[in-house]
Amino acid sequence: MANIAYIPGDGIGEEVTSQGIKVLEYLDGAYNLGLKFEKFDLGAERYLKTGDILPTAVLNKLETFDSIYLGAVGDPRVEPGVLEKGILLKLRFYFDQYVNLRPIKLYKEEFSPLKGKGLEDIDFTVVRENTEGIYAGIGGFLKKDTPDEVATQEMISTRKGVDRVIKYAFEYAQKFGREPKLTVCDKSNVLTYAHNLWQRSFKEMGKNYPEVEQNHFLVDAMTMKMVRNPEIFDVVVTCNIFGDIITDLGAELQGGMGMAVSGNINPDSISMFEPVHGSAPDIAGQNIANPLAAVLAAGMMLRELGYGNLTPKVEAAVKSALENNMVTADQGGDLNTDEVGDYLVKTLKSNEEGE
């Protein structure tokens, strides 16, 4: 049994996540999971009407849930950063979701932008530290709006924060890695304080996981290897800013942002799952948005809630939709958003009956 807080958000958020809800509701009925959903109207509309972004009372209520399913945040009527910081980042920090989990997985050969690289080659996971680094927000201005202006933004790495995300990455590699193998990605040759800490933590933590192969790449070499030899990666752990960058590169390797999903995870508290393609306001309300990332995010959420046996079933349904071209126009099909969701449910039901 699990209570899920559902935040559709802005733009296409509700259109795509409603397909994820459709899939979850089918699985709930088929496997008697006891899932319950409650919708929260957080986003641009609420902010523009009331001035509220994420009130304390709502945060307190969210504390009573087992997981959060988020659609998208962002609206051209609102200054950039207001909703993103006020909702997405606030939730990450409030619930101490210190792991950002981003699978980089190619589901259809034709989507690979890399010559000669296919399904077996593009299949790894990035574990990104999610609450520290440059995104901690420590910094400020001196003599702002003058010729002598100084702006500072500090990279924060604590021993506790680095240790816990590296420990999570080792355990994730041990449980879900193919080989298993864990690669730490940093810039320790230049960031000789912050990333020296990462190096020491990785080496010391690695002594507890001798069965996990351990590797290291500087971030510039990492980006080159992701393009040239993505098959060498299994699980990657990195800091907040580098994780932000390399996972977007990874999204392109798997066929674009429309296939990218994100888990913001606190293993001991409430985690949040989302597609990362954004709110796409230019196509909102047209029922043409690609819902596959939102559905995959729902599948990832199931694993965190303890229903990991169902996650591969969701992935198999998505793969079937791609293979049979039962997708939206941006991926070469001619279905609308709702029809893709219906096809996924039909496929799940068919696969269950065939077992």
Side-chain angles (χ1 to χ4, degrees), residues 66-68 92 95-106 120-133 157 159-186 198-199 201-217 219 222 225-226 230-240 242-247 249-251 253-254 260-274 276 293 296-312 314-315:
D66 298 298
S67 192
I68 300 170
R92 286 178 179 176
F95 291 112
D96 199 20
Q97 295 165 346
Y98 63 88
V99 172
N100 184 256
L101 195 65
R102 285 281 295 270
I104 311 298
K105 186 171 184 177
L106 182 68
E120 307 250 321
D121 304 303
I122 302 173
D123 186 4
F124 61 97
T125 303
V126 177
V127 177
R128 166 191 172 189
E129 199 291 316
N130 210 30
T131 58
E132 295 188 349
S157 294
R159 188 64 195 238
K160 173 186 173 181
V162 174
D163 275 353
R164 67 181 183 176
V165 76
I166 288 178
K167 183 175 187 290
Y168 180 94
F170 268 112
E171 293 182 352
Y172 185 92
Q174 192 176 53
K175 189 171 183 179
F176 300 110
R178 299 188 316 277
E179 301 184 44
K181 176 165 60 176
L182 180 62
T183 299
V184 63
C185 169
D186 61 35
W198 276 78
Q199 279 289 303
S201 176
F202 185 74
K203 289 172 183 175
E204 291 170 23
M205 192 72 66
K207 295 174 184 177
N208 300 320
Y209 302 91
E211 69 282 9
V212 178
E213 182 183 335
Q214 297 159 37
N215 291 309
H216 168 235
F217 277 96
V219 67
M222 176 84 195
K225 284 293 184 181
M226 284 176 65
E231 68 276 6
I232 70 172
F233 298 113
D234 184 8
V235 180
V236 176
V237 63
T238 191
C239 68
N240 210 334
F242 293 165
D244 191 1
I245 295 166
I246 67 173
T247 54
L249 172 58
L253 300 187
Q254 68 183 121
V261 303
S262 171
N264 302 279
I265 294 172
N266 181 332
D268 303 313
S269 181
I270 299 168
S271 298
M272 176 170 64
F273 302 85
E274 57 176 325
V276 297
L296 289 169
M300 183 190 287
M301 180 168 60
L302 286 170
R303 185 170 65 195
E304 194 67 20
L305 289 171
Y307 308 117
N309 60 309
L310 300 180
T311 302
V314 174
E315 293 180 349

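Residue indices begin at 1 and follow the sequence shown.
Annotation for Leu106 and Leu253: closest pair CD1-O, 3.8 Å, computed over non-hydrogen atoms. The shortest non-hydrogen separation linking Gln199 to Val184 is NE2-CG1, 3.9 Å. Residues Gln214 and Tyr209 come closest through the heavy atom pair NE2-O, 3.3 Å.
A salt bridge is defined here as a Lys NZ or Arg NE, NH1 or NH2 lying under 4.0 Å from an Asp or Glu carboxylate O, and Glu171 with Lys175 fails to meet this definition. The pair Glu120-Lys105 fails the salt-bridge criterion, with no side-chain N (NZ, NE, NH1 or NH2) lying under 4.0 Å from an Asp/Glu carboxylate O. The pair Glu132-Lys160 does not meet the salt-bridge criterion, since no charged nitrogen lies less than 4.0 angstrom from a carboxylate oxygen. Between Asp268 and Arg164 there is no salt bridge, since none of the side-chain N atoms of the basic residue sits less than 4.0 Å from a carboxylate O of the acidic one.
In this model, a donor atom of one side chain and an acceptor atom of the other lie less than 3.5 Å apart for Thr131 and Glu129. Side chain to side chain, Asn100 and Ser262 meet the donor-acceptor criterion of an N or O pair below 3.5 Å. Side chains of Arg102 and Thr247: a donor on one and an acceptor on the other come within 3.5 Å.
A donor-acceptor contact shorter than 3.5 Å is absent between the side chain of Glu315 and the backbone of Gly299. No donor-acceptor distance shorter than 3.5 angstrom exists from the side chain of Asn264 to the backbone of Ser271, with no hydrogens or angles considered.
Distance check, rounded to the nearest 0.5 Å: CE of Met272 to OG of Ser67 gives 9.5 Å. Going from atom CG of Leu101 over to atom CZ of Arg303 covers 6.5 Å, rounded to the nearest 0.5 Å. Rounding to the nearest 0.5 angstrom, the gap separating the CE atom in Met300 from the CG atom in Leu305 is 12.5 Å. For the atom pair CG (Asn215) and SG (Cys185), the distance works out to 12.0 Å, reported to the nearest 0.5 Å.
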Salt bridge (Lys or Arg N to Asp or Glu O under 4.0 Å) between Arg92 and Glu274, intermediate numbers included: CA-CA 12 Å; Arg92 286 178 179 176; Glu274 57 176 325; 3.7 Å; yes
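In the displayed structure, Lys181 atom NZ is contacted under 6.0 Å by more than 12 heavy atoms of other residues, nucleotides or ligands.
Of the residues Phe124, Phe176, Phe170, Tyr172, the one that meets the side chain to side chain contact (heavy atoms under 4.5 Å, CB included) test with Val235 is Tyr172.
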